[in-house]
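By convention in this document, chain letters (A, B, ...) are assigned in the order of the sequence lines, proteins followed by strands, and residues within each chain are numbered from 1.
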Amino acid sequence: MPELPEVETICNGLRLGGFGQPSILGRTIREASVFWPKSIATPSLDEFLGLLPGQKIGDINRRGKFVLIELDRHVLIVHLRMSGDLQVRQEGDARATHDRVEFVFSEGDRLVFNDTRKFGRVWLVEDVNQVTGSLGPEPFDGNLTGEMFFSMLQGSSRQVKPLLLDQGFLAGLGNIYSDEALFLAKIHPLRVARMVNALDAARLLETIRQVLQEGIHHHGASIDWVYRGGDFQNYFRVYQRTGQPCIVCQAPIQRIIVGQRSTHFCPNCQC
DNA sequence: CACGAGACCTGTTCGC
DNA sequence: TGCGAACAGGTCTCGT
């Protein structure tokens, strides 16, 4: 589900408030409850429940697709995987069907990790690097240049689509945005990374940044996620447009499976 | 090292 | 209407 733009949207909502939810910066956790123990990656359930009370929320940031919630003595990290979400409930609000973990604030309202498919995970660690240490660079990292991206691609004999999905290569891209970026860069998803020339590599980094920026601007894509107001799904150029005409050349958009994932591209524009 | 299959889960949509 | 198959924004592990 959420890729970088959706995670960014969620972080911004928690940090700044909006869409009917208050900011949770500065809130103190009174107690935590876990309704699906497997949602907790580390530490043990007992430690997790014991360490949280009394800790205050400092800042909230994103690294790749991870949500980083700074507390006094730890960092609370959440990965939403396919169906996770972070929501704020008011005091007295009933528990929702797929609430897995909740953090009750001293004011009585609470932050809830809701996750239909139970793939999401929560970590409570002292050092963020324990969890995000193996991630590749952030797409918007100002130090990441076209030339650097070119040499990163040169170093791999893998096909570009699976490579873009590899969080250790670049952090934050998922299935939607990688298809969209490859389309704009006119690069076939099966092209071997090493065969992408310097010009195409620089262009790909630009289109990656472009589609992520568009996604953030539209508050993410809401396929079954309407409540947060994201509407990037209305601007997909290839994703989920199988058989429909390419917006550039009218050729029907094709769907293939690459690395077990649906992959959409224009067989005419991308080579 | 790279790739494919299977696992982890629930819910919705599509075809017959 | 019913029912099974296919599919979904992600990632890990295992075998080849």
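- Closest to the A:Lys38 side chain, of the nucleotides C:dT11, B:dC8, B:dG11, is B:dC8.
- Comparing B:dC1 with C:dG10, their P atoms are spaced 24 Å from each other, to the whole Å.
- Taking only side-chain atoms of A:Arg261, from C-beta outward, the nucleotide of B:dT10, C:dT11, B:dA2 with the closest atom is C:dT11.
- Not one side-chain nitrogen or oxygen of A:Thr116 sits closer than 4.0 Å to the OP1 or OP2 atom of B:dG11.
- Between A:Arg158 and the phosphate of B:dC3, there is a side-chain N or O to OP1/OP2 separation shorter than 4.0 Å.
- As rounded to the nearest Å, B:dC9 and C:dT13 have P atoms that lie 15 Å from one another.
- Dashed line: the shortest gap from a side-chain N or O of A:Lys118 to OP1 or OP2 of B:dC8 is not under 4.0 Å.
- As rounded to whole Å, 13 Å separates atom P of B:dG4 from atom NZ of A:Lys161.
- Summarising the geometry, the separation between CG on A:Asp85 and P on B:dT10 is reported as 18 Å, rounded to the nearest angstrom.
- Looking at heavy-atom distances under 4.0 Å, A:Arg255 makes contact with sugar-phosphate atoms alone, never a base.
- When rounded to the nearest whole Å, the span between CG of A:Leu164 and C1' of B:dA2 equals 16 Å.
- Put simply, A:His98 has no side-chain N or O that comes within less than 4.0 Å of OP1 or OP2 on B:dC9.
- Listed candidates were C:dC7, C:dT11, B:dT10. Nearest to the side chain of A:Lys65 is C:dT11.
- Distance, A:Arg121 CZ to C:dT11 P: 13 Å, rounded to whole Å.
- Rounding to whole angstrom units, CG of residue A:Leu165 and P of C:dT11 are separated by 8 Å.
- In the displayed structure, A:Ile257 atom CD1 is contacted under 6.0 Å by more than 12 heavy atoms of other residues, nucleotides or ligands.
- The CZ atom of A:Arg89 lies 8.5 Å from the CD atom of A:Glu102; values are rounded to the nearest 0.5 Å.
- For the atom pair CE (A:Met195) and CD (A:Gln159), the distance works out to 13.0 Å, reported to the nearest 0.5 Å.
- Of the two residues contacting DNA chain C, namely A:Gln260 and A:Gln167, the nearest-nucleotide position lying further toward the 5' end is that of A:Gln260.
- The distance between the ring centers of A:Phe232 and A:Tyr177 falls below 6.0 angstrom.
- Nearest to the side-chain atoms of A:Ser156 among the listed nucleotides C:dG10, B:dA2, B:dG11 stands B:dA2.
- In this structure, CG of A:Asp115 is placed 11 Å from P of B:dG11, rounded to the nearest angstrom.
- In a base pair of the Watson-Crick type (N1 to N3 plus N6-O4 or O6-N4) or a G-U wobble (N1-O2 and O6-N3), with each distance short of 3.5 Å, B:dC9 is matched with no nucleotide.
- Relative orientation of the A:His79 and A:Phe66 rings is perpendicular, given thresholds of 30° and 60° on the angle between their planes.
- Both A:Gln240 and A:His79 lie close to DNA chain C; mapped to their nearest nucleotides by heavy-atom distance, the more 5′-ward contact belongs to A:Gln240.
- Between A:Ser83 and the phosphate of B:dT10, there is no side-chain N or O to OP1/OP2 separation shorter than 4.0 Å.
- Between A:Gly155 and A:Trp36, it is A:Gly155 whose nearest contact on DNA chain B lies nearer the 5' terminus.
- Each of A:Leu111, A:Asn61, A:Asp59, A:Val75 was checked for a side-chain contact (heavy atoms from CB on, under 4.5 Å) with A:Ile69, and the lone residue meeting it is A:Leu111.
- B:dG11 atom C1' lies 11 Å from atom CZ of A:Phe119, rounded to whole Å.
- Atom pair A:Arg117:CZ and C:dC12:P shows a separation of 16 Å (rounding to whole Å applied).
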